[in-house]
Amino acid sequence: MRILVVGGGGREHALAWKLRQSPHCDALYAAPGNAGIAQIAECVPIAPKAVSELVAFAKQNAIDLVVVGPESPLIAGLAEALQEAGIRCFGPSRAAAQLEGSKAFAKQVMQQVGAPTAPFAVFDDPEAAKAYLRTRFMEQACVVKADGEALGKGAFVCDTLSDALNAVEFLMVEGGLGEAGKRVVIEDRLYGREMSLLCFVDGHTVLPMPPVRDYKRAFDSDRGPNTGGMGCYTPLPDAAPELIERALSQIVRPVVAEMAQRNTPYRGILYAGLMVQGEQPYALEFNCRFGDPEAQVLMPLLESDLVELALASIEGKLHTVDIRFSPRAAVCVVLASGGYPGDYRTGLPIEGLEAASQLPDVLIFHAGTRAQNGQVLTAGGRVLNLVGLGDTLEQARVNAYRAAALIHFEGMHYRTDIAQTVPA
Ligand code: AMP
Ligand code: GLY
């Protein structure tokens, strides 16, 4: 098969690395890819959001399967556009991707099926939103979320009423996130431990992957601003099988059944962001794609063939396949540019990649990198993902940090507490 991966981050490097190992993969392309992906696939300079260019490329190059990394092209309808051209796409339709594309839609679906989730209200009018906050905050801290696609910047977890009012002002009045924030969801703030539960879904059948814990804050001990994710690990010692079964039976399967009932069946990866209190999971959000960096720890542990899983998801045959994961542990540490998630410089040379890549039980997935005259340069906020593997979490963590100690670029920063603490 001729396969195209859409995207150019660490997640897509991990997906490309896994796809390349499949006996079904005869040719691998990535749009736009990065310096790491370029070592295993042919990179083409097409942006993930350029739906018609992607479809034209796939047609011209006789692509059989497209695997989509980020949410934007899915929310924009890439899966249907490819399908119309007779090309298989691993990822949900535009209508099904609304589970990530609209927070209000996702909450309404959760409410309809009775999935445990925080109480919420939806507002199109800033004054009504503020009035709600003034009464609700008397009892209860709230989270203000932009309804639309906000690239991970749309949720304001507020400690005080004035923070929450400011979030409404920023989103709805100042238009700080454009159209995405014109409507907001306000929900009760939940406390507990977060986990990411990613599942393969084919419209009906749900095959879960091991739960992952993601570290969103920029600095150690959960200080600093939110980022796209500074690291993660799996397996989770605090995720008993009964807890996962509860999340599947109360949240994921009912939502998948509801989407089928509405004639917008969900096919692809469904990522449930959960907050767990005691042994009870609550749904915080859905994503319509693999997590980044969650994919970087899941792909190395996935023993089944990713091409076969993707095809079974598209064809509604997941009930016929067996999904197997290694019982080992994986820890991912993200090396970020100085200043990230704010402004940062790019084009800085990266040293030590060769030495780090020779360490046993270490995989390096590139994120924001580019190659120039044989040298790998920084090209984004999150630059590299160092994945340590081990028979225990501790071993995996030591391996990831051993790799981090060998790599250097000017301004580089990373968290030193991945897999050591549970983020607040
Ligand atoms: P979201 O944009 O829905 O993905 O939320 C981003 C992050 O905000 C989540 O990963 C949580 O860390 C946090 N968050 C979202 N909703 C809540 C909530 N109801 N209570 C506490 N934290 C939340
Ligand atoms: N790691 C969080 C996400 O991919 O949305």
Side-chain angles (χ1 to χ4, degrees), residues 7 9-12 14-15 68-72 74-75 97 99-107 110 115-122 136-137 140-159 163-164 167 171 177 180-181 184-198 209 211-218 222 225-234 269-277 281-299 332-334 336 341 365 367 381-382 385 415 418 422-424:
R11 167 181 50 204
E12 289 76 21
L15 293 172
V68 186
E71 65 276 19
S72 309
L74 295 166
I75 295 169
L99 283 176
E100 177 164 4
S102 164
K103 301 271 182 208
F105 176 81
K107 291 291 288 192
M110 290 183 224
T117 188
F120 71 103
V122 180
R136 193 75 192 161
F137 235 101
Q140 173 56 60
C142 293
V143 180
V144 178
K145 295 182 180 183
D147 176 55
E149 212 187 322
L151 304 170
K153 296 189 185 119
F156 296 79
V157 181
C158 300
D159 288 319
D163 288 350
L171 291 171
L177 294 177
V184 300
V185 172
I186 299 180
E187 65 180 36
D188 290 0
R189 180 168 174 183
L190 299 178
Y191 299 87
R193 44 195 216 280
E194 276 191 67
M195 47 186 85
S196 309
L197 179 62
L198 285 77
M209 292 181 249
V212 182
R213 175 153 293 127
D214 178 25
Y215 291 70
K216 295 200 165 67
R217 298 292 189 122
D222 286 309
N226 265 330
T227 68
M230 293 298 288
C232 63
Y233 69 92
T234 190
I269 297 294
L270 184 58
Y271 163 153
L274 305 175
M275 185 72 92
V276 180
Q277 297 179 348
Y282 292 85
L284 292 182
E285 56 159 342
F286 288 112
N287 294 318
C288 64
R289 50 171 173 80
F290 277 102
D292 186 345
E294 285 90 337
Q296 290 88 307
V297 293
L298 290 169
M299 290 304 104
C332 173
V333 174
V334 172
F365 295 124
R382 290 190 290 177
N385 300 267
R415 280 185 66 153
I418 305 298
V422 175

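All ligand and atom numbering here is 1-based and tracks the order in the structure. All of these numbers come straight from a predicted model, not from anything done at the bench.
For atom 19 (N) of ligand 1, the nearest protein heavy atom (residue, atom name, distance) is E187 OE2, 2.6 Å. The single protein non-hydrogen atom nearest to atom 10 (O) of ligand 1 is E194 OE1, 2.9 Å, given as residue, atom name and distance. Ranking the protein heavy atoms by distance from atom 21 (C) of ligand 1 puts L190 O, 3.1 Å first. Of the protein's heavy atoms, A155 CB, 3.6 Å lies nearest to atom 5 (O) of ligand 1. The protein non-hydrogen atom at the shortest distance from atom 17 (C) of ligand 1 is L284 CD2, 3.5 Å. If you check which protein heavy atom lies closest to atom 14 (N) of ligand 1, you get V157 CG2, 3.9 Å. At the top of the distance list for atom 4 (O) of ligand 1, counting protein heavy atoms only, stands E285 OE1, 2.3 Å.
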Inset, instruction - Start with the C-alpha gap between V157 and R189, add the side-chain angles, then the distance that decides, and say whether side-chain contact (heavy atoms from CB on, under 4.5 Å) holds. - result: CA-CA 7 Å; V157 181; R189 180 168 174 183; 3.4 Å; yes
Inset, instruction - Kindly determine whether E187 and K103 satisfy salt bridge (charged side-chain N to carboxylate O under 4.0 Å, His left out), including the steps that lead there. - result: CA-CA 11 Å; E187 65 180 36; K103 301 271 182 208; over 6 Å; no
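M209 contributes atom CE, which lies 10.5 Å from atom OG1 of T234 (distance to the nearest 0.5 angstrom). For the atom pair L274 CG and F286 CZ, the distance stands at 8.0 Å (nearest 0.5 Å).
Protein residues with a heavy atom closer than 4.0 Å to ligand 2 are D214, G228, Y271, N287, R289, G291, D292, P293, E294, listed by chain and number.
The two residues K145 and L284 come nearest to each other via the heavy atoms NZ-O, 3.2 Å.
Applying the 4.0 Å criterion to heavy atoms of V143 picks out, from ligand 1, the atoms 17 (C), 18 (C), 19 (N), 20 (N). Under a 4.0 Å criterion applied to the non-hydrogen atoms of K216, ligand 1 contributes the atoms 10 (O).
A salt bridge is defined here as a Lys NZ or Arg NE, NH1 or NH2 lying under 4.0 Å from an Asp or Glu carboxylate O, and D147 with K107 fails to meet this definition.
Contacts between D188 and ligand 1, counted as non-hydrogen atom pairs separated by less than 4.0 Å, involve the backbone only.
Applying the ring pair (Phe, Tyr, Trp, His ring centres under 6.0 Å) test to F156 and every residue at least two apart in sequence or in another chain returns F170.
Residue K145 holds the heavy atom nearest to atom 16 (N) of ligand 1 of all those in R189, K103, K145.
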